[in-house]
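Note sheet for the following structure.
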Amino acid sequence: MFDPRVVRGNVLSVRPSPPQHTEPHTLEVKRQRSARRKVLARKFTQVHIRPGTPEPVEGREHVHVQTELYLEEISDRIIEVDGECQTDDFLDRPPTPLFIPAKSGKDVATQIEEGELFDFDIEVKPILEVLVGKTVEQALLEVMEEEELAQLWSHQRAFAELRNAEFAELQRLEEQDRRIKEEKERRRLEHLEKLRKQRETAEKIAARAFAQRYLADLIPSVFNKLHDSGFFYDPIERDIETEFLPWLMSEVEETLQKKVLGRTMLDSLIRMVVEKRLDEFSHPPPSAQTNAPSEEPGTADAAPMSGEADAADQPVAEEEETDQPVAEEEETDQPVAEEEEADQPVAEE
């Protein structure tokens with residue numbers, strides 16, 4: 001970061017000249033650091049190159065042994081010796097005397113008059129010529145250097161302008177190329193999307209035509225099958241079938257059961273009456289046998305039979321009267337009662 005040889009800022013500007021001299025203490029420090037690094041590298045190399053002692057075999061161990069020519073006594077306690085010394089009091093150092101060289105030779109004096117050895121106008125002329133010449137030469141060199149720097153700066157400005165123009169043209173061409181690539185990619189994607197939509201449209205049209213042709217016969221058959229299965233029905237007809245007809249059948253069945261019950265009871269009553277009359281006819285009374293010669297056979301037989309029939313019919317009539325509450329409780333027992341009344345002449349006969 002602080003190396004003066006590294007150029008920072010605009011590279012087109014005038015680069016500062018690197019320093020021609022380096023501080024001596026910096027060079028000395030660098031030299032010491034390099035020497036220290038070399039010593040450390042040498043030690044590191046020796047440590048890593050020197051082979052180490054192999055591991056001891058099983059049952060043995062390493063022991064430190066002296067291999068020098070002169071053996072030394074090894075003990076756990078280090079020998080310590082006390083020593084002391086006394087120094088003189090500290091005195092300030094006296095100042096160093098000025099060095100004056102020893103005088104040698106003999107003193108000789110010479111008298112020189114003014115103007116004998118040095119003439120300023122004559123002696124200063126070559127020196128002045130040299131100074132003026134060097135000054136003019138330096139000025140000319142500086143003027144030439146300034147002109148050269150101006151030309152270099154003009155060349156640099158022209159080069160920078162040309163490079164900026166080329167860079168701008170390069171950016172314009174890259175941007176144009178990028179736009180062309182993006183447009184090409186967009187057109188390619190649009191074409192692929194168009195082809196995909198066309199393919200999907202064709203597939204949808206084909207699927208729709210296939211479905212229409214496939215469902216042309218399927219829909220009527222499905223509706224017919226559903227109609228036959230009972231999914232489509234008339235609500236009034238369904239109400240009649242599910243509500244009215246079961247109720248009507250239950251009422252008819254109940255009426256028929258009542259009629260069957262009435263007929264069964266009537267049959268049992270008729271059977272009882274017939275059995276009673278049969279018993280009465282099978283055992284005639286004795287009074288009828290004694291009065292038979294004095295009376296006419298036709299009138300005598302008719303009267304007892306009519307009396308017996310009346311006597312036999314009385315319990316039947318009573319039983320029919322006892323059965324009337326049952327007929328009143330049942331609404332459909334009236335036809336049964338009418339049948340009983342219709343059967344009464346048969347019983348009397």
Side-chain angles (χ1 to χ4, degrees), residues 186 188-282 305-306 308-349:
R186 186 172 62 82
R188 187 179 67 83
L189 293 177
E190 288 180 356
H191 183 66
L192 293 177
E193 185 69 17
K194 183 179 179 181
L195 293 178
R196 186 181 64 81
K197 289 183 178 180
Q198 289 180 356
R199 185 170 59 255
E200 288 182 357
T201 305
E203 291 177 356
K204 288 180 180 179
I205 292 173
R208 184 172 179 273
F210 176 76
Q212 287 180 353
R213 187 169 59 183
Y214 181 76
L215 296 176
D217 298 332
L218 182 62
I219 293 175
S221 61
V222 169
F223 275 100
N224 293 332
K225 189 174 292 184
L226 291 175
H227 189 273
D228 295 338
S229 300
F231 287 95
F232 300 104
Y233 56 85
D234 187 4
I236 298 175
E237 184 179 355
R238 176 58 63 88
D239 191 13
I240 292 173
E241 291 178 356
T242 57
E243 300 293 337
F244 179 71
L245 288 181
W247 174 79
L248 182 62
M249 293 299 294
S250 62
E251 293 294 332
V252 170
E253 185 177 359
E254 186 177 356
T255 304
L256 292 176
Q257 288 179 359
K258 290 179 179 180
K259 287 184 179 181
V260 170
L261 180 60
R263 290 179 181 178
T264 304
M265 293 177 64
L266 180 60
D267 292 340
S268 63
L269 291 173
I270 292 172
R271 187 179 297 108
M272 291 173 61
V273 170
V274 170
E275 289 177 356
K276 288 182 180 181
R277 288 186 178 183
L278 182 61
D279 293 336
E280 291 177 358
F281 288 141
S282 60
M305 289 180 67
S306 61
E308 290 176 359
D310 295 335
D313 290 337
Q314 288 179 359
V316 176
E318 291 178 358
E319 289 177 3
E320 290 176 358
E321 290 177 359
T322 57
D323 293 334
Q324 287 179 2
V326 179
E328 290 176 358
E329 290 177 359
E330 298 176 357
E331 295 179 356
T332 58
D333 287 343
Q334 294 178 0
V336 178
E338 293 175 0
E339 291 179 359
E340 291 177 355
E341 292 177 359
D343 292 337
Q344 286 180 3
V346 177
E348 292 176 354
E349 291 176 359

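Values below: every heavy atom of this structure, side chains too, minus hydrogens, waters and symmetry copies.
In this view, Glu193 and Arg196 satisfy the salt bridge (Lys or Arg N to Asp or Glu O under 4.0 Å) rule, not counting sequence neighbours. Applying the side-chain hydrogen bond (donor to acceptor under 3.5 Å, both in side chains) test to Arg213 and every residue at least two apart in sequence or in another chain returns nothing. With sequence neighbours left out, the side chain to side chain contact (heavy atoms under 4.5 Å, CB included) criterion links Gln198 to Lys194, Leu195. Arg199 is linked by a salt bridge (Lys or Arg N to Asp or Glu O under 4.0 Å) to nothing, counting only residues two or more places apart in sequence or in another chain. Every residue two or more places apart in sequence or in another chain that forms a salt bridge (Lys or Arg N to Asp or Glu O under 4.0 Å) with Glu190 is listed here: Arg186. The side chain to side chain contact (heavy atoms under 4.5 Å, CB included) check on Ile236 picks up Asp234, Ile240, with sequence neighbours excluded. Under the side-chain hydrogen bond (donor to acceptor under 3.5 Å, both in side chains) criterion, Gln212 pairs with no residue at all, not counting sequence neighbours. Not counting sequence neighbours, the partners of Val274 by the side chain to side chain contact (heavy atoms under 4.5 Å, CB included) test are Ile270. By the side chain to side chain contact (heavy atoms under 4.5 Å, CB included) test, Glu241 is found to be paired with Glu237, Arg238, Leu245, residues two or more places apart in sequence or in another chain being considered.
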Would you tabulate the side-chain donor-acceptor contacts of residues 201-209 under 3.5 Å, counting partners in other chains and residues two or more places apart, or write 'none'?
residue	atom	partner	partner atom	Å
Thr201	OG1	Lys197	O	2.6

Which pairs of donor and acceptor atoms, one on a side chain in residues 214-223, lie under 3.5 Å apart (sequence neighbours left out)?
residue	atom	partner	partner atom	Å
Ser221	OG	Asp217	O	3.1
Ser221	OG	Leu218	O	2.7

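Interatomic distance, Lys276 NZ to Leu278 CG, rounded to the nearest 0.5 Å: 13.5 Å.
Applying the side-chain contact (heavy atoms from CB on, under 4.5 Å) test between Leu261 and each of Gln257, Arg263, Met265 identifies Met265 as the sole match.
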